[in-house]
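Predicted model, so just to flag it, every value in this text is computed and none were measured. Along the sequence shown, residues are numbered consecutively beginning with 1.
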Amino acid sequence: MAEQLRSGAYGEPLRPRAYAEPLRSRAYHGLRAYLLIIAMWVRSTMAYRTSFLIMTIGNFAATGLDFVVIALMFSHVGTLGGFTLSEVAFLYGTTSTSFGLMDMTLGSMNRVGRRVRDGTMDTLLVRPVPILAQVAADRFALRRLGRICQGLLLLIWSLIRLDIDWTADRVLLVPVMLLSGGAIFGAMFVAGGAFQFWANDASEVQNSFTYGGNTLLQYPPTVFAQDLLRGVTFVIPLAFVNWLPALHILGRENPLGLPSWIGFAAPLVALGCCALAGLAWRAGLRSYRSTGS
């Protein structure tokens, strides 16, 4: 069926209208469709405001328990891998904020495998809306604001407690780190969704890199083995989410001996990750052959 949707009345292969449009026009229409779908889900959520409030507070409390565990460690030790509680809170706050933003905006990408299995992906193909926008905005969960708020509060708390020499480059690097980290996580969500076109049931594999990567980055890099640090720096660049920029902001040396300016490469790494994720998504979508029913 998916192949038929790509063919004309006489079996001539058609180039999808979306790909024939200029890139800027495609991006505009995709973003507009995404925002319209989100608005629909937000209106649906706000119809039960008490439920939304309870769910948001619950999300805030549940994610906050992760830091409670870390704080309990510091009740027995003074430092963790040479990092103080305030420094660990800085790492936790930066990655939680970046991840929370993408978890709210693109967290529905882990449903791609389910749609491929039950054939509901076909219903998205016949709509005049970009597939990525439809999948990403599906069942938009506004309650995930709880995770973002929790991460921001810890980030602000850590910045108040830390004694940082705030030079111009360090001040600039904080928002750059949050935005670049969010883009890297977003690319991983999209790439994980693309992988499910082939694997069908791979949401847990995707979660191991997204949710698992977020948990990894909440701890100092000095507590992990060198091979792991190389892997998340040069293979799957999770270290650019917060580790490498944070080391420069905190005035600490890189465990791998990399220069301190490497953290400023985070935007370029994020751009590269997004480009690769876009290619992976396009390849995955082209390989989709429906359920055969």
Side-chain angles (χ1 to χ4, degrees), residues 38 41-42 45-46 48-75 77 79-81 83-110 136-137 139-162 164 173-189 206-221 223 232 238-243 245-247 249-250 266 270:
I38 282 181
W41 284 107
V42 170
T45 300
M46 289 296 103
Y48 304 94
R49 298 189 180 186
T50 302
S51 176
F52 161 71
L53 183 61
I54 293 174
M55 294 292 289
T56 303
I57 294 174
N59 187 264
F60 179 95
T63 55
L65 290 176
D66 292 337
F67 187 75
V68 171
V69 173
I70 296 175
L72 288 175
M73 294 182 187
F74 280 91
S75 65
V77 297
T79 60
L80 182 63
F83 283 65
T84 64
L85 177 60
S86 298
E87 290 173 322
V88 174
F90 180 73
L91 295 176
Y92 185 102
T94 51
T95 185
S96 293
T97 302
S98 296
F99 178 78
L101 289 170
M102 288 302 107
D103 187 36
M104 184 174 67
T105 56
L106 294 172
S108 298
M109 296 299 298
N110 59 8
R139 298 186 180 277
F140 180 80
L142 191 61
R143 66 179 183 276
R144 289 171 178 164
L145 277 172
R147 179 190 291 272
I148 300 173
C149 293
Q150 188 254 348
L152 279 174
L153 286 175
L154 273 174
L155 176 58
I156 294 172
W157 178 80
S158 66
L159 290 175
I160 294 174
R161 292 178 57 90
L162 287 171
I164 299 175
L173 195 54
V174 173
V176 168
M177 171 174 53
L178 294 177
L179 295 176
S180 300
I184 293 173
F185 274 127
M188 294 183 65
F189 273 112
Q206 175 182 341
N207 292 342
S208 66
F209 290 99
T210 52
Y211 289 89
N214 176 52
T215 302
L216 175 76
L217 297 174
Q218 292 172 357
Y219 294 87
V223 303
V232 297
L238 285 171
F240 286 89
V241 171
N242 70 337
W243 275 352
L247 289 175
I249 293 173
L250 297 175

Exercise. Is the number of heavy atoms from other residues, nucleotides or ligands under 6.0 Å of F209 CZ greater than 12?
Worked result: no
Exercise. Where do L91 and Y219 land on the side-chain contact (heavy atoms from CB on, under 4.5 Å) test, with the steps shown first?
Worked result: CA-CA 7 Å; L91 295 176; Y219 294 87; over 6 Å; no
Seminar exercise, completed: When rounded to the nearest 0.5 Å, the distance separating OG1 of T97 from CD1 of I156 is 8.5 Å
For this session: Using side-chain hydrogen bond (donor to acceptor under 3.5 Å, both in side chains) as the criterion, list what pairs up with S108, not counting sequence neighbours.
Result: R111
Problem set entry | side-chain contact (heavy atoms from CB on, under 4.5 Å) assessment of N214 paired with R147 | CA-CA 12 Å; N214 176 52; R147 179 190 291 272; 3.6 Å; yes
Seminar exercise, completed: For L178 and T94 the tightest heavy-atom approach is CD2-O, 3.7 Å
Exercise. Does the side chain of F67 reach to within under 4.5 Å of the side chain of L85, using non-hydrogen atoms?
Worked result: yes
Exercise. To the nearest 0.5 Å, what is the distance between CD1 (I164) and CD (E87)?
Worked result: 8.0 Å
Exercise. To the nearest 0.5 Å, what is the distance between CG (L159) and CG (L154)?
Worked result: 11.0 Å
Exercise. N207: what forms a side chain to side chain contact (heavy atoms under 4.5 Å, CB included) with it, not counting sequence neighbours?
Worked result: N110, E204, T210, Y211
Exercise. Does the side-chain contact (heavy atoms from CB on, under 4.5 Å) test come out yes or no for F189 and F99, once each step is laid out?
Worked result: CA-CA 10 Å; F189 273 112; F99 178 78; 3.8 Å; yes
Problem set entry | Flag side-chain contact, heavy atom, 4.5 Å: M46 against L142 | yes
Problem set entry | Nearest-0.5 Å distance, CG of residue L250 to OG of residue S86 | 10.0 Å
For this session: Specify the closest pair of heavy atoms between Y92 and D66, including all atoms of both residues, with the distance to one decimal.
Result: OH-CB, 3.5 Å
Exercise. Within the distance-only criterion (no hydrogens, no angle test), does the side chain of D103 pair as donor or acceptor with the backbone N or O of R144 below 3.5 angstrom?
Worked result: no
Problem set entry | For L238 against F185, the heavy-atom pair lying closest together | CD2-CE2, 4.0 Å
Exercise. So how far is it from I38 CD1 to T105 OG1, rounded to the nearest 0.5 Å?
Worked result: 7.5 Å
Exercise. S158 side chain to L155 main-chain N or O, any donor-acceptor pair under 3.5 Å?
Worked result: yes
Problem set entry | Inter-residue atom distance N242.CG - S96.OG, 0.5 Å rounding | 9.0 Å
Problem set entry | F140 to M104 - nearest heavy-atom pair and separation | CE1-O, 3.1 Å
For this session: Decide side-chain contact (heavy atoms from CB on, under 4.5 Å) for F60 and L153; before the verdict, give the C-alpha distance in whole Å, the side-chain angles of both, and the deciding distance to 0.1 Å.
Result: CA-CA 11 Å; F60 179 95; L153 286 175; 3.8 Å; yes
Exercise. So, for Q218 and V88, which heavy atoms are closest and what is the spacing to 0.1 Å?
Worked result: O-CG1, 3.6 Å
Problem set entry | Considering all heavy atoms, the nearest G186-M102 contact | N-CG, 3.5 Å
Exercise. Considering residues at least two apart in sequence or located in another chain, which fulfil the side-chain hydrogen bond (donor to acceptor under 3.5 Å, both in side chains) criterion with T215?
Worked result: none
